[in-house]
There are 2 protein chains.
Amino acid sequence: MDQIPGHRVTLQDVADAVGVSKSTVSLVLSNHPRISQETRQRVLDTVDELGYVYDRRAASLRTRQSFTIGLIITDITNPFYAELTSGIEHTLLAKNYIALLGSTTDLLQNQERFFATMRERSADGIILCPAPGTPPETILRLSRQLPTVLIARYLAGVDVDYVGADNELGTRRATEHLIERGHRRIAFVGGPQDSSARQDRLRGLVSILEKHRIPLDESLMVTCAVTRNGGYTAIQQVMRADDPPTAVLCYNDVVAFGVMLGLRACDLEPGPDVAVVGFDDVNEASLWNPSLSTVSATPTEMGQHAADLLLKRIEQPDRPIQQMILPSTLIIRASS
Amino acid sequence: MDQIPGHRVTLQDVADAVGVSKSTVSLVLSNHPRISQETRQRVLDTVDELGYVYDRRAASLRTRQSFTIGLIITDITNPFYAELTSGIEHTLLAKNYIALLGSTTDLLQNQERFFATMRERSADGIILCPAPGTPPETILRLSRQLPTVLIARYLAGVDVDYVGADNELGTRRATEHLIERGHRRIAFVGGPQDSSARQDRLRGLVSILEKHRIPLDESLMVTCAVTRNGGYTAIQQVMRADDPPTAVLCYNDVVAFGVMLGLRACDLEPGPDVAVVGFDDVNEASLWNPSLSTVSATPTEMGQHAADLLLKRIEQPDRPIQQMILPSTLIIRASS
DNA sequence: CTGAAAGCGCTTACAG
DNA sequence: CTGAAAGCGCTTACAG
């Protein structure tokens, strides 16, 4: 039953015990049809009896398929990525795949290490949320070496599978909503300067301001670390201006949570005093007090789609590049 | 530079290009000292030139070390596990290991699948938060097959490496605090019925009630799903009783968040009307409104310790079993 | 200081 | 229906 430490039960051991060749055992395990019912049963029984464990790494050396993928994200502690990961895991489990996890904290150096790690371990593919500043060539090279799907952030001009939210549409809707509520001075807080997601979200805001001929005040467009603390600090700075905003559109929910706390620290109540809108709609958003108005990016679904896309790409390397933009819906709650 | 799809650059290719044997290349890559400086440099240059990628799975077939571990937790979407995972990742990164991630949602069936998955992929070890109801023999067998460390939940009588919080001490302190504040009717909400963590936390509460000769009311000790929603539903049930509690000690922070929301749904303000205390001190806890009093279980540190322990066990299989109980401190905030 | 050879545990044509 | 053999890409004694 139990293995002797150091000695692994192999196909050969099973074959010896049954009195057939290891080819036969291998064929049984891969459900090959032309093994007699009797042999098959004896093999299966012996597999159980000896506690044989299939060595997928040995198999993958021959078949070149590891049933393992690499998942490279920014930070598992950000609920957006946790929900994303959960969706990915869900899809992988059903297909017998599993993910190697790497959090880069948006550091290019970590990202490079994870690329190497995943390739050395022969991942069948990679789901990647690229760190801001990733050179496009890096991704192009990677995607030639390994099936790759980008998630949540893309790189301009890089033709690779991608799944993300409709960022611009999302902030357009959010901005229209704020303007309808009478806001004219709308701040934008947070996001990694060079990420596609930030640029698209900011563009949505700017375009709607233009449409309504509301002058753009650059001093209200600030960046900050994508953490609660980042939002907390940044908003206090912004509110100190001579003509502070009456509404703030945040890069994402995590920043919005920080902004709400920062407003309170300035003795302002998020909602009544200053409107706050987030992006993502992580589970937490509806539970805050006040509940957070936000643009839904459906992270769990996004993860499922990314995993689906990757598995399709693995099966069919020549299929056309697919870029999925998931619809964004505005969810109005108490904070705006 | 780039590989031809399907063809992997191997040691042999590098050897051929340099004009040495693959043994020599291998020795260079493992930094073996007795290769001449000149050969070494030529090999290294060629490795770069050809874009050689080390095949760790082939290597591990010989060396029996994959530099990969399995991480099996309940739910990555629960911030406690996300912070745990972040701590684990941090330690692994420094030692060139990486984790295969599996979320069981506390289903034994998923857990079994992950055990198989991790073994098939030759993980060097496993960090496991066992699903409630896991038979002790399962863990014993697993730990004989593979270095194993349990995290956050242990199994009575199973002598395996373990890292967890001092659960009983934590809830003792929390209960003393509530009693000091004048509470007599204290509910306990949530937790997987058969988990060691729940039992220990509940025991802490009960022992302090006894110490103060406060009668125990079983109807106030309820269980629920370990989600915000679980706490939300459970507390509303509890508050409907004839003699409802004035304070509630929650299995963990996630349940406590749900409880706070549930109280509001009953028109009760957490803090002033009903005291609420959580367990874990996830990052979110200090940010809620009201901020959540809780017992700190330092999830990030817990993760780091678990990874350290596993790596030590891998290096030194015969070292004595180590069970680390991390000190619990009570953090009093606005909710109590 | 360097190379030839065996072997890790599988799969997969190819024979029979 | 089943087996012998080659090979996936490494490492590691063993010679020289």
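Every heavy atom of this structure was used, including side-chain atoms; hydrogens, water molecules and symmetry mates were not. The chains referred to below are lettered A, B, ... by the order of the sequence lines, with proteins before strands, and numbering in each begins at 1.
- Nucleotide C:dA4 forms no Watson-Crick or G-U wobble pair with any nucleotide shown, as no partner meets the under 3.5 Å limit on both distances.
- Rounded to an integer number of Å, the gap from B:Asp13 CG to D:dG9 P is 8 Å.
- Taking side-chain N and O atoms only, B:Thr24 has a distance below 4.0 Å to OP1 or OP2 of C:dG3.
- Of the listed residues (A:Glu120, A:Arg119, A:Arg121), just one forms a side-chain contact (heavy atoms from CB on, under 4.5 Å) with B:Tyr54, and that residue is A:Glu120.
- Side-chain contact check for B:Ser23 and B:Ser26: no donor-acceptor pair (N or O, by modelled atom type) lies under 3.5 Å.
- Note: CZ (B:Arg121) to P (C:dC8) measures 23 Å, nearest angstrom.
- For A:Arg64, a side-chain nitrogen or oxygen approaches OP1 or OP2 of D:dG9 to under 4.0 Å.
- There is no side-chain donor-acceptor pair under 3.5 Å between A:Tyr97 and A:Thr68.
- Using cut-offs of 30° and 60° for the angle between ring planes, the B:Tyr162 and B:Tyr154 rings count as perpendicular.
- Along DNA chain C, the nucleotide nearest to A:Leu61 and the one nearest to B:Ser21 differ in position, and the one closer to the 5' end is contacted by B:Ser21.
- Side-chain N/O atoms of B:Asp75 and B:Ser103 include no donor and acceptor closer than 3.5 Å.
- Proximity of A:Thr39 to the phosphate of D:dC1: no side-chain N or O atom is located under 4.0 Å from OP1 or OP2.
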Task: Contact pattern, 5' to 3', of nucleotides 10-16 of chain C - B, S or - by protein heavy atom under 4.0 Å - done: BBB----

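- With a 4.5 Å cut-off on side-chain heavy atoms, A:Leu100 and A:Ile69 do not count as touching.
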